[in-house]
Amino acid sequence: MTDRCRARPLAITLLSTLVLAASPATAQTDTTEAIVETMRTLAGKQKARPSGAKGQCVVGTFTPTADAKALSKSIVFDKPSRVVARFSVGGGNPKVADATKTVNRGFSFRIDGGGKGQTEFVMINAPINFVKSPEQMLAFLQARLPGADGKPDPEKIKAFADANPETTLQGKYLASKPVPASWAGLSYWGIHGYTVANAAGATQLVKFRMVPVGGETGLTDDEAKAKPADFLVDELKSRIEAKTAAFDMVAIMGRAGDEKTNATQQWVDEDKRPTVKLGTLAITALEKNETCDGAIFDPLTLADGIAGPDDPLFTARLPAYAISIGQRN
Ligand code: HEM
């Protein structure tokens, strides 16, 4: 075993300990711990992530546009920088078939900002989340826990959905779209409303969206049925070789009165709003999965000039991911 291999689990344990020690033991931390525990139970106690369990690590380059600086002074918009990213298939099953329609696809990435201003996003291929708060997430998961017969109770799941109709919206959105044909043929959204600040101190509410440069691609149900269980990595490999695995990062402009703490809702007319292209993220190579598995993608790591919302659904993500990495390694 090399020193590097030995150091990794120690670093991970320290990360979990530091993040958790920094958070006072509140009802919120109890909820976050219970969420991760319930996710693990539902995922069958496997060793991979309990969400986005199946995935592929990649590397690339983010090249900002000149327009980005007018919105945000963040160092990631200064010049091209290196990216480590991970595409995933949602849920806690590391063997889920790539053509599964009912789960989301994830895109997590770290823009390194020349080593001086890391910025991380953990996005999905839907503009909305399935719950609006950590408490609702816990209740959503608990409603799916198996009963004495080892199976989830459909009555319980229905009763939860009836009482919390907004938790059905993301599933309806995904069901209305074709099965993804490629990780690089999808739009991904950061979902939360972020505030960007430029060098003059002007601020703007935005949502971040990654738009595939080659357009969105989907499979018919028959095409999806004919696909092998693990086609997404090979498909990505051929796009990388053809240099067509790239996304434009755009900022969707927020306005006064926009909702900031209910991620189950899009803003009014969000899809028709003006956007500003902030840069292009080109995926340049597959990377060994250990590179992504040895750390978390932390949506709260944002270089000065980009700030996340004061929303418990957003702030719970760092402690949740820190607990999770401690358990999955
Ligand atoms: C209270 C809110 C949330 C909790 C508790 C939570 C929990 C988790 C956990 C425990 C993991 C596994 C992390 C790891 O082991 O590295 C995870 C991964 C993930 N989550 Fe969340 N999550 C939350 C909100 C969200 C939201 C709003 C999104 C969508 C924008 C999201 C998208 C993802 C994705 C794409 C992954 C896979 C990450 C990767 O590729 O490494 N999560 N989540």
Side-chain angles (χ1 to χ4, degrees), residues 12 15-16 19-20 23 28-43 46-58 84-94 96 103-110 120-142 166-167 169-170 173-174 183 186-194 207-210 232 261-266 287 289-301 308-309 311-329:
I12 289 164
L15 168 74
S16 313
V19 169
L20 296 175
S23 358
Q28 197 63 72
T29 47
D30 289 350
T31 305
T32 307
E33 281 170 21
I35 289 173
V36 180
E37 183 55 29
T38 314
M39 288 171 86
R40 280 235 146 263
T41 305
L42 290 170
Q46 45 80 2
K47 281 279 181 192
R49 291 164 179 77
S51 169
K54 184 177 187 181
Q56 176 61 49
C57 194
V58 293
V84 174
R86 182 173 182 270
F87 290 105
S88 55
V89 183
N93 176 2
V96 64
V103 290
N104 60 42
R105 307 297 184 272
F107 184 30
S108 310
F109 53 95
R110 177 178 308 119
E120 307 188 11
F121 289 101
V122 181
M123 300 192 174
I124 50 167
N125 65 327
I128 49 172
N129 196 39
F130 66 103
V131 287
K132 60 185 176 194
S133 66
E135 289 72 23
Q136 195 177 45
M137 183 164 181
L138 181 57
F140 177 98
L141 297 168
Q142 284 172 336
E166 67 277 18
T167 62
L169 298 177
Q170 189 194 73
Y173 175 88
L174 293 172
W183 271 317
L186 291 171
S187 274
Y188 296 89
W189 285 260
I191 295 202
H192 308 285
Y194 292 74
K207 284 187 182 177
F208 291 100
R209 175 176 175 177
M210 304 302 286
L232 283 174
T261 56
N262 183 352
T264 63
Q265 277 179 19
Q266 279 190 280
E287 172 69 18
N289 278 327
E290 288 76 9
T291 304
C292 286
D293 295 347
I296 56 167
F297 290 95
D298 164 25
L300 275 70
T301 294
D311 174 359
L313 187 77
F314 177 72
T315 53
R317 296 180 72 181
L318 169 57
Y321 297 6
I323 295 167
S324 178
I325 195 170
Q327 295 175 346
R328 70 176 155 83
N329 281 275

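Just so it is clear, the values below take in all heavy atoms, side chains as well, and ignore hydrogens, waters and symmetry mates. Small disclaimer: the values here were computed from a predicted structure and weren't measured. When a ligand or atom number is given, it counts from 1 through the structure's own listing order.
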Q) Do any N or O atoms from the side chain of R110 and from the backbone of I296 form a donor-acceptor pair under 3.5 angstrom? A)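 Such a contact is found between R110 side chain and I296 backbone.
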
Q: Return the orientation label for the F208 and Y194 ring planes: parallel under 30°, perpendicular over 60°, tilted otherwise.
A: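 Perpendicular: the ring planes of F208 and Y194 meet at over 60°.
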
Q: Name all pairs fulfilling the salt bridge (charged side-chain N to carboxylate O under 4.0 Å, His left out) condition that reach into residues 320-329, sequence neighbours left out, sorted by first residue then second.
A: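 Matches after skipping sequence neighbours: none remain.
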
Q. Among pairs that include at least one residue of residues 128-140, which meet salt bridge (charged side-chain N to carboxylate O under 4.0 Å, His left out), considering only residues two or more places apart or in two chains?
A.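 Qualifying pairs, neighbours excluded: K132-E166.
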
(Q) With side chain to side chain contact (heavy atoms under 4.5 Å, CB included) as the criterion, how do V122 and R317 come out once you've worked through the C-alpha distance, each side chain's angles and the decisive distance to 0.1 Å? (A) CA-CA 10 Å; V122 181; R317 296 180 72 181; 3.3 Å; yes

Q | F130: ring-ring contact (aromatic ring centres under 6.0 Å, His included) partners, not counting sequence neighbours | A |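 Only F140 meet the ring-ring contact (aromatic ring centres under 6.0 Å, His included) criterion with F130.
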
Filter the ligand 1-protein atom pairs down to N or O on both sides and distance under 3.5 Å, then list them.
{"from": "ligand 1", "atom 1": "15 (O)", "to": "S324", "atom 2": "OG", "distance (Å)": "2.5"}
{"from": "ligand 1", "atom 1": "15 (O)", "to": "R328", "atom 2": "NE", "distance (Å)": "2.6"}
{"from": "ligand 1", "atom 1": "16 (O)", "to": "R328", "atom 2": "NE", "distance (Å)": "3.4"}
{"from": "ligand 1", "atom 1": "16 (O)", "to": "R328", "atom 2": "NH2", "distance (Å)": "2.8"}
{"from": "ligand 1", "atom 1": "20 (N)", "to": "Y321", "atom 2": "OH", "distance (Å)": "2.9"}
{"from": "ligand 1", "atom 1": "22 (N)", "to": "Y321", "atom 2": "OH", "distance (Å)": "3.2"}
{"from": "ligand 1", "atom 1": "40 (O)", "to": "R86", "atom 2": "NH1", "distance (Å)": "2.7"}
{"from": "ligand 1", "atom 1": "40 (O)", "to": "S108", "atom 2": "OG", "distance (Å)": "3.2"}
{"from": "ligand 1", "atom 1": "41 (O)", "to": "R49", "atom 2": "NE", "distance (Å)": "2.8"}
{"from": "ligand 1", "atom 1": "42 (N)", "to": "R317", "atom 2": "NH2", "distance (Å)": "3.3"}
{"from": "ligand 1", "atom 1": "42 (N)", "to": "Y321", "atom 2": "OH", "distance (Å)": "2.9"}
{"from": "ligand 1", "atom 1": "43 (N)", "to": "Y321", "atom 2": "OH", "distance (Å)": "3.3"}

